[in-house]
Amino acid sequence: QVQLVESGGGSVQAGGSLRLSCAASGDTYNNYCMGWFRQAPGKEREGVAALSTFSGAKYADSVKGRFTISQDDANGTLYLQMNSLKPDDTAMYYCAGRSRPTYGCLNVLRPPADYSVWGQGTQVTVSS
């Protein structure tokens with residue numbers, strides 16, 4: 001089973017940028033459908049972005065046009081580039097994976113319960 005470790009979180013002012021990384025070990029994340037999630041205090045965990053095998057990625061409406069999910073197969077790392085950050089983006093960010101079906105990873109944001117492997121999270125704090 002793959003192990004996931006996030007990094008890159010921090011504190012920024014509104015309008016700033018951060019790039020989160022998710023390093024995979026123990027197995028290639030190509031055997032998994034990968035996504036980024038976040039959880040703010042007192043709120044449920046929500047999907048942010050999911051990588052598709054076929055047509056790019058799927059984003060939550062709240063981050064569309066500002067966040068970009070990508071992967072680097074050479075070093076087994078998943079990324080989340082976050083631009084134009086807002087205070088509402090403040091949360092713990094997690095990368096997660098679920099076993100990849102034979103038909104591949106569709107362009108959908110599946111609920112957190114569908115994902116079986118999680119990293120420990122990295123905190124993002126955006127001040128106004």
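The first residue in the sequence is number 1, and the count goes up from there. Quick note: numbers below take in every heavy atom, side chains included, and nothing from hydrogens, waters or symmetry partners.
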Peer 1: Taking Gln3 for its side chain and Gln1 for its backbone only, find out whether a donor-acceptor pair lies under 3.5 Å.
Peer 2: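 At least one qualifying donor-acceptor pair exists.
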Peer 1: Can you pull out every ring pair (Phe, Tyr, Trp, His ring centres under 6.0 Å) where at least one residue sits in residues 42-66? Sequence neighbours excluded, please.
Peer 2: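 Every pair satisfying ring pair (Phe, Tyr, Trp, His ring centres under 6.0 Å) with a residue in residues 42-66: there are none.
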Peer 1: Could you pull out all residues at least two apart from Arg100 that satisfy salt bridge (charged side-chain N to carboxylate O under 4.0 Å, His left out)?
Peer 2: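 With neighbours one apart ignored, the set is empty.
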Peer 1: Would you check if the side chain of Arg98 reaches a backbone N or O of Ser116 as a donor-acceptor pair within less than 3.5 Å?
Peer 2: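 No, the answer is negative, given that no donor and acceptor are paired below the 3.5 Å cut-off.
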Peer 1: Got a sec, which hydrophobics cluster with Met92, joining ILVMFWY side chains under 4.5 Å apart, including via others?
Peer 2: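 Taking Ile, Leu, Val, Met, Phe, Trp and Tyr as members, Met92 shares its hydrophobic cluster with Phe37, Tyr94, Tyr115, Trp118.
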Peer 1: Nearest 0.5 Å, what's the CG-CD1 distance between Leu51 and Ile69?
Peer 2: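 Here the interatomic distance stands at 5.0 Å.
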Peer 1: Test Ser11 against every option in Val126, Thr125, Val124 by the side-chain contact (heavy atoms from CB on, under 4.5 Å) rule and name the one that passes.
Peer 2: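 Going through the options one by one, the only one that passes is Thr125.
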Peer 1: Apart from Val5 itself, what residues make up its hydrophobic cluster, given side-chain heavy atom links below 4.5 Å?
Peer 2: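 Its cluster mates, by chain and number: none.
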Peer 1: Can any side-chain N or O of Thr122 pair as donor or acceptor with the backbone N or O of Gly9 at less than 3.5 Å?
Peer 2: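 Yes, Thr122 side chain to Gly9 backbone: donor-acceptor pair under 3.5 Å.
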Peer 1: Could you grab the distance from atom CG of Leu4 to atom CG of Leu78, nearest 0.5 Å is fine?
Peer 2: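 Result: 8.5 Å between the selected atoms.
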Peer 1: Can you pull out every salt bridge (charged side-chain N to carboxylate O under 4.0 Å, His left out) where at least one residue sits in residues 109-128? Sequence neighbours excluded, please.
Peer 2: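 Qualifying pairs, neighbours excluded: Arg110-Asp114.
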Peer 1: Of all residues at least two apart in sequence or in a different chain, which pass the salt bridge (charged side-chain N to carboxylate O under 4.0 Å, His left out) check with Asp61?
Peer 2: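 Asp61 satisfies salt bridge (charged side-chain N to carboxylate O under 4.0 Å, His left out) with Lys64 only.
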Peer 1: Report the C-alpha separation of Tyr93 and Met82 in whole Å, then their side-chain angles, then the decisive distance to 0.1 Å, and conclude whether the side chain to side chain contact (heavy atoms under 4.5 Å, CB included) test is met.
Peer 2: CA-CA 11 Å; Tyr93 283 72; Met82 306 186 297; 3.9 Å; yes
Peer 1: If every non-hydrogen atom of Pro87 is compared with every non-hydrogen atom of Ser128, which pair is closest and at what distance?
Peer 2: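 Result for this residue pair: CG-CB, 3.9 Å.
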Peer 1: Closer than 3.5 angstrom, by distance alone: can the side chain of Ser62 be matched with the main-chain N or O of Ala60 as a donor-acceptor pair?
Peer 2: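 Such a contact is absent between Ser62 side chain and Ala60 backbone.
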Peer 1: Which pairs pass ring pair (Phe, Tyr, Trp, His ring centres under 6.0 Å) with one or both residues in residues 62-92, sequence neighbours excluded?
Peer 2: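 Applying ring pair (Phe, Tyr, Trp, His ring centres under 6.0 Å) to every pair that reaches into residues 62-92, excluding sequence neighbours, yields nothing.
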Peer 1: Enumerate the salt bridge (charged side-chain N to carboxylate O under 4.0 Å, His left out) contacts for residues 74-88, please, sequence neighbours excluded, ordered by first and then second residue.
Peer 2: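 Output for this query is empty, none listed.
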Peer 1: Strictly by salt bridge (charged side-chain N to carboxylate O under 4.0 Å, His left out), give each pair with a member in residues 33-43 just once, sequence neighbours left out.
Peer 2: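 Qualifying pairs: Arg38-Glu46, Arg38-Asp89.
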Peer 1: Using atom types as modelled, flag every donor-acceptor pair under 3.5 Å from a side chain in residues 18-27 to any protein atom, sequence neighbours excluded.
Peer 2:
{"unit_1": "Asp27", "atom_1": "OD1", "unit_2": "Asn31", "atom_2": "ND2", "d": "3.0"}
{"unit_1": "Asp27", "atom_1": "OD2", "unit_2": "Tyr32", "atom_2": "OH", "d": "3.4"}

Peer 1: Sequence neighbours left out, what pairs pass disulfide bond (SG atoms under 2.5 Å apart) with at least one residue falling in residues 99-128?
Peer 2: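 Residue pairs passing disulfide bond (SG atoms under 2.5 Å apart), neighbours aside: Cys33-Cys105.
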Peer 1: Which distance, rounded to the nearest 0.5 Å, do you find between the OG of Ser127 and the CD of Gln13?
Peer 2: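 Reported value, rounded in 0.5 Å steps: 5.0 Å.
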Peer 1: Minimum heavy-atom separation for Thr90 to Ala40, with atom names?
Peer 2: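 Smallest interatomic distance, heavy atoms only, reads O-CB, 3.7 Å.
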Peer 1: Mind checking what makes side-chain hydrogen bond (donor to acceptor under 3.5 Å, both in side chains) contact with Ser17, not counting sequence neighbours?
Peer 2: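 Checked Ser17 against side-chain hydrogen bond (donor to acceptor under 3.5 Å, both in side chains); matches are Asn83.
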